[in-house]
Amino acid sequence: MAGILKPPGNFALTPHKVSICILVQVYAPPSEISVPFPFSSVSHHNCLGIFLLSLTKACDSIFEPSLDELIAQLREIGGLLNHWLSDHLTRRLSSLASPDDLFNFFNDLRGILGGSDANVVDDDQIVLDPSSAIGMFVRRCLLAFNVMSFEGVCHLLSNIGIYCKESLSDCPPFELSHLDDSSNDPELEYESMELENFVFEKVSQEFEARKLANERVSFHSHAPGALFELVEDTDFPPSSSVEHIDRPREVSPCAPSTSDTLRGTDPPGGTFLRTNWQVQGYLSEQADAIEKHGSSFPLYAFESILKRLQKSAPELHRVHFLRYLNSLYHDDYPGALENLHRYFDYSAGTEGVEFVPAPSGCSGLGRYEIALLNLGMMHFHLGHPKQSLEVLIEAVRVSQQHSDDTCLAYTLAAICNLLSAIGFSNMTGIIGASYWPVAGIGTSSSIQQQLFVLLRRSLKRAESLKLKRLVASIHLEIAKFDLTHVQRPLLSFGPKASTKLRTHPANICKELWTSYHLISDFTDETSIMTTDGAFCTSWLQNLKKPRGSLVFSQENGTRSDSDIFHFSAQPSSIPGSVLHLLGSSYLVRAAAWETYGSAPLARINALVFATCFSDSSSSADAALAYAKLIQYLAVFKGYKEAFAALKIAEEKFLCVSKSIILLVKLQLLHERALHRGHLKLAQQLCDELGVLASPVTGVDMELKTEASLRHAQTLLAANQYDQAAAVAHSLFCMCYKFNMQVQNATVLLLLAEIHKRSGNAVSGIPYALACLSFCQSFNLDLLKASATLTLAELWLSLGPSHAKKALSLIHGAFPILLGHGGLELRSRAFITEAKCYLAEPSFSVSEDPEMVLEPLRQASEELQVLEHHELASEAFYLMAIVYDKLGQLNEREEAAASFKKHITALENPEDKDNPLSNFL
Amino acid sequence: MKAGEKRKEEEMIELEGPLGKSDAVNKENVSLERELSTLRKNGTIDSFCLYVYGLVLKEKGSENLARTVLVESVNSYPWNWSAWSELQSLCTTIETLNSLNLNNHWMKDFFLANTYQELRMHNESLSKYEYLQATFSFSNYIQAQIAKAQYNLREFELVEVIFEELLRNDPYRIEDMDMYSNVLYAKECFSALSYLAHRVFLTDKYRPESCCIIGNYYSLKGQHEKSVIYFRRALKLNKNYLSAWTLMGHEYVEMKNTSAAVDAYRRAVDINPCDYRAWYGLGQAYEMMGMPFYALHYFKKSVFLQPNDSRLWIAMAQCYEAEQLRMLEEAIKCYKRAANCNDREAIALHHLAKLHSELGHNEEAAFYYKKDLDRMEAEEREGPNMVEALMFLAQHCKSKKRFEEAEVYCTRLLDYTGPEKETAERLLRGIRHEKLDVEHFPP
C-alpha cells in the first residue's frame, strides 16, 4: 500500500525539451560540411555542443527554465550568433502549429541520428552517435513522442503555445502576430497576485544573497509561478525576516524583472509533468536546504509549494516528510508531530529514508522503528528530553525486536547525543524508572559513565555494521566527551595507583584523526537517493561558472575556495552529509584547542571551517564558527574590530532569538561595559544573557554558568566582594553538582581573584592553587598560565619580600601568556612584572629604567586598544611614578595626563554612546 | 463552468502522470470569476449565479468570500440544497457557523441540523431533526438523519427500530443502510445482516454502500480476505468513502497485516480528521506492534474527539499500563475517566482496584473493589473478578480490624472451591482469634 514508486525511466516531453531538440538539430544538421552553416569555427561549434550536453544532463531537474532563460543562456555562449540562434529557436517553435508539424519535426529529428553501424563514418560528416549523451536524449525524446497518445500531442502543442507566448509577452522584439491573442491583458485581481509573486521573488532573492553557495539556488529560484498562485488567503512573506516584508512592497511591480536572478517562471497555465525522480530529487534538495538554513528558511512559501505538490501527487509521501522538517525547523510542534505521524503511517518507514534497506525479513512489517527514531529526535530538537528518551528507548526495543541493527545503531547514537547534550540534568530518575536498554549499567553509576559506556558500545556496533559515517560521528562524539571529562577507570575500587585523573589530549587527537580518516573513504556508502537531476543541475551551474565568475573569485577569497572545492569535487560529488561531518570535526578541533589554550590553532580551525565548510553545514554551525572568530578578534584586536566583524556576521545570519550571534554580542557588550566601568549596563547585559537560558534545571547549563560567572564579575567590579563571593560559591556548587569540571577551574580562579581584590591574599592563595591543580589534570594550559599570574599577584600583595617568588612565577608563565593570551591577560602580566620589579628591594629604577618602562608602555598601548580604563590608569600611574623617580618631568606629565583621562572616564561612565541603543 | 470541469475531469484521466494524479485545473474558473464578480458588483446577479460564484471561489481557496457569497445565495433563494451543503462544508467550527447571517426559513433548520451533525453536536442535531419531523412527518430523509444521530449517540436499539421502519416505508433504500449494517454487525445479527446484504445486492450492487454492507457481512462471518475485497470495491466506487477505509483497517487488523491497516486508517483520518474510530484503530495497530508510546499519540487524538467513550479511555490506559511503559499513575487517571463515562463492562473499576493495590494505595483499592463488587452483585455476574475482590476486601478489612465485615467477605468466599476457600478458612480462624484477643484485652 505504500507509495507507488515508478522507475526513473519516466520521461515526459515538454516544450523545453522540444527546444533542446531544435538546438540539437542546429548543432548536428544532416549535412556534409564539417562546420555547419551558422557557425564560424570549430570551437564555436563545440561551444554549443558543450552547452547542449549540459542542457540534456540537466533536463531531469525539477523546474525547467522558460524560453527567456534559455535564450539568455544562449546569449552567454552564442557570441555573435546568439541572435540567429534565438531567432531560429523561436521561429521553429512558433511554426509548430498543428499535430502534423510535430510529427514532421520528430521525423526530421530522427534523421540526425547516425545508424547503428556508426563506425563507418566520414571524418567530415557530423553524425550524432545514438549512444552518446545527446544522442540518448534525442532517442528518449523520440520514444516519448512515439508512445504519446493523440491527446498527449494536443497537450504538448498547447503547452508549446503557452511557452512561446510567455516569452513573447516579455520580449516584444520577437513578437509574432498570430500567437498573440486575448489572454494577456492585465486584470485587477491579477495585479495583487503578481505583486505577491514578486514579493516572494524578492524575498527569495534576499534569501539567496544570504546563502554563500549559489550552486544550490537553482532549484528554488525558478519555482514556477503557478505554484504561488494559490496562496491568496495566507500571509505570504516568510516569518523570520520581518524587515524584508515592507521593502518590496514599495518597489513598483514593474521594476526590472528581467534581470537574471529574477528568472522567468513556468507558464502559469502549462501543466508540465515531472517525473517522480525529478520531484524526489527536488524534495531531497529542499530537505538539505531546510536542515542547512534552519529557521531562516521561508516557512509559508515552502509550505504552500508542498501543499500544491501534495494535492497533485497524493501518493508521494515524501512530501509529508518535508512538511515535517519544515515545521520542525520553525519550532511548530503540532505541525511537526502531525506530519511525522502521517508520513510514517503512509510510508511505513520504507520510502525515501536514507537508510540502507533492511537485509531481510522485515519488508512486510514496515519499519516503524525509524518512525520512533525520528520522533525521538524531534522531541530532542524541540526540547523535550524526557519524551525523547522514552521514545528512543522504545525505538531500541522495537529495532531489537525486528533485528534492525542499522536502526539500532543510529538510535544508540541518538541516545548518546541526547545524554551528552542534556545529560547533566537530573535524568537518572527517568533512566532508573524505565527499562534501560544497555545491560550491565546499574542505575547508581553516574550519567557520564553511562554515556561513556554507551558511546563505546555504539561505536562497536556501528563498526561491525560498517556504517562509516556513523562511526565517524561517534568518534567525534567521543572526542567531545573526552574533552570535558576526566577519565577514570570505570570499575576501580580502592586506592589503585593507576587512577590518574587527567584528560588526554592525545586521545582526543586520535579520535579526531580516526573520524577524519574514515570520512575520506566514504565512497561505498554514498546514499542511493542522491538523484541524477540534482547533480546535473549543479553540474550545469558549475560548467558556466569558470566563464562567468573567475573574476569574482579573485575578489572574494571565501567564495572562491568553496566554489573551487565544489567544482573540482564534481566528478565524485561528495555527499553533503560527509562534508558536514568533516566540517564538524574542524569545529571540535577548534573547541579542543580553545580549551587547551592555544588561541592561534583554535582560530585557524574555526577559520578553516568558516571558509571551506560553511556552505555545506547548517547555519547554526557556521554561526558558531563566526562567533568564535569574533571572540578572538575581541580578545586580540580590541572591540572596534570585533564589533565590525559582528555587524558582518549579523547581516549574514538572521539574528533569531537564542542564536549564538546574539550571545556573542551580549558577551562582547558586557565585557566592554565592564572595562569601561559602565557597571549598570554590564549588570543589565548580564541579566539579559541569563534570561536566554531555559528555566528548566539542567538544561542550557553552559549558558547559565556563563551568566552567573559574568554576574559575579560585575559584582566584583562594583567592589561588592561579599555578594560576588556568594554568587561564585553557588556557581561552584552548581558546577560540582552537574560535574562540570572544566567550568569549576574557572570559578576557582574567579574566587581567587575576588579574594585578591578584597585584600585578603592569604585566603586567595588556596583557591589559586586548587585552580592550578584542576588545570593541570585537564591540560588547560592557558587557564593555568592565568592562574599562575593570579597566584603571582597574590604573592606580591603579601609584601615585597615575596616579590622574587612572584617574579619567577610570572616568568615561568610568560611563554604561554605572551604567545596565546589575549590583550588583557598580556597587559596584566606586564603590569604585574613591573610591579614586582618595583617592589623588589634589590631593584633600583634609576639603574635600569627600561626593565620597568618597557612592559608598562606595552601594557598601556594594549589596554588603550581594549579600552580597559581601570588597568590602563594603573599602568599610567606606575609609569608616572617611574618617570618622576627618573626626573623626566615632561614624560611624567604626559603619563599623569593619560592617567587622569582614564580615571575620569572610569568614574564618569558617559551614557551618550550607550551601546545598547546602537546594538540592541 | 461545466465545460471547464468536464475538460478538467478528462485531463485528469489523460494526464494521469507518474505521480498518480495531475494538477489539472479548470481553466474556465478565472474567466468565470471575473464575469461573476462584475455581475455581483453591478447587482444584476441571481441566486444561482451566486451559487456558481461561491463554487468558483471555494475552488480558488478564498473561503471567506465564498461563504459570504453562498449566504447571499441562500438568503435570496433558500430551496437550493446544493448551496446549503457547500456552505456547510465551509463551516468547520461552531464560531463560523454562528457568525453566518442567515434569514429565518425552514431550510435553515435543515442546514443547521446537518451542520451540527458534522460538528459532532449530536444532541443539538437530534433535537433539530425531531422538531423538523413534527412538520415533515413522512420524510425518510429526516428519519434516516435521526437514526444517524442516534447511532452517533450509540443508541443502537433505537437505531435498529428506526431502520426497520424505514425499510418498511422504502424497501429499495440504499443510502445510510451501511450504518444499519454496522448496527447489525455490532449486535451480531447474522441473519438480519445477510438479509440486508441480499436486499441491497438485488437493488444495486454497484453502490459503495452495498459493497460495504457485504463486506460487513463477510467480516462478521470471519472471512476477512473476502470482506477486504468488498471494501476495496466500495473504495474504487468512491475513493473518499470514509467508513470503508476505517472498516478495511479493522479487517487488516484482524488479518494481522498491521502496516496495511495503518495505511487504511490513515487515509480515513486524512479524509475526515474527526473520525475517532480511525484514530483509535491507528493506536491499536501500533500497540499491536509493540510500540505503546507511539500509539499513545493516536489514542490521545481519538479521546480528544470522543471524550465520553469509555472504550477509548480503557485502550489508552492499557497502553500506559503496558509492560514496556509501566506509567501506572497515568493509567489510573485514564481508568478513572473511563469509569466516569458509563463503562458498560466495568473493566475500568476492576483495573483501578488492581492498580491501586499494586501501588500500595490500599484505601483506594478497597474503595474500587467494593464498587466493583456492588456492581457485579447488581448485574448478577460471577467470576474470578468476584473472587479477587472478595479476597482483597477480606484481607483489607482484617488488617484494618473491621472483623465483622471481614467475616462477611470470608463466608462468601467459602462458596467457592479452590485455594481461595482454604485461604478464607484460614482468615476466618485468624479473625476469630484476634477477635478473642480484642475482647479479652480491650485496648
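A note on names: the letters A, B, ... follow the listed sequences, proteins ahead of strands, and every chain is numbered from 1.
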Task: Straight-line distance of A/L337 CG to B/K301 NZ, nearest 0.5 Å - done: 7.5 Å
Open item on the list: Tell me whether A/Y333 at atom OH has more than 12 heavy atoms from other residues, nucleotides or ligands lying less than 6.0 Å away.
Closed with: yes
- [ ] Check each atom of B/Y265 against the heavy atoms of chain A and say whether the ones under 4.5 Å are side chain, backbone, both or neither.
- [x] neither
- [ ] Go through the steps for B/R266 and A/H341 under the test side chain to side chain contact (heavy atoms under 4.5 Å, CB included), then give the verdict.
- [x] CA-CA 9 Å; B/R266 175 43 90 167; A/H341 278 283; 3.7 Å; yes
TODO: Could you tell me which portion of B/L282 (side chain, backbone, both or neither) has an atom closer than 4.5 angstrom to a non-hydrogen atom of chain A?
DONE: side chain
- [ ] Taking all non-hydrogen atoms of both residues into account, name the closest pair between B/M289 and A/Q401 and its distance.
- [x] O-NE2, 4.1 Å
Open item on the list: Can you give me the closest heavy-atom contact between A/D345 and B/V262, atom names plus distance?
Closed with: O-CG1, 3.3 Å
- [ ] State plainly whether the residues A/E390 and B/R326 are in salt-bridge range, i.e. N to O under 4.0 Å.
- [x] no
- [ ] Quick one: sort the A/Y368 and B/Y286 rings into parallel, tilted or perpendicular, breaks at 30° and 60°.
- [x] perpendicular
- [ ] Enter the distance from A/L375:CG to B/H297:NE2 here, rounded to the nearest 0.5 Å.
- [x] 8.5 Å
TODO: Could you tell me whether the side chain of A/E394 and the main chain of B/Y294 form a donor-acceptor pair under 3.5 Å?
DONE: yes
- [ ] Would you check if B/P273 and A/E338 make a side-chain contact, meaning some heavy-atom pair closer than 4.5 Å?
- [x] no
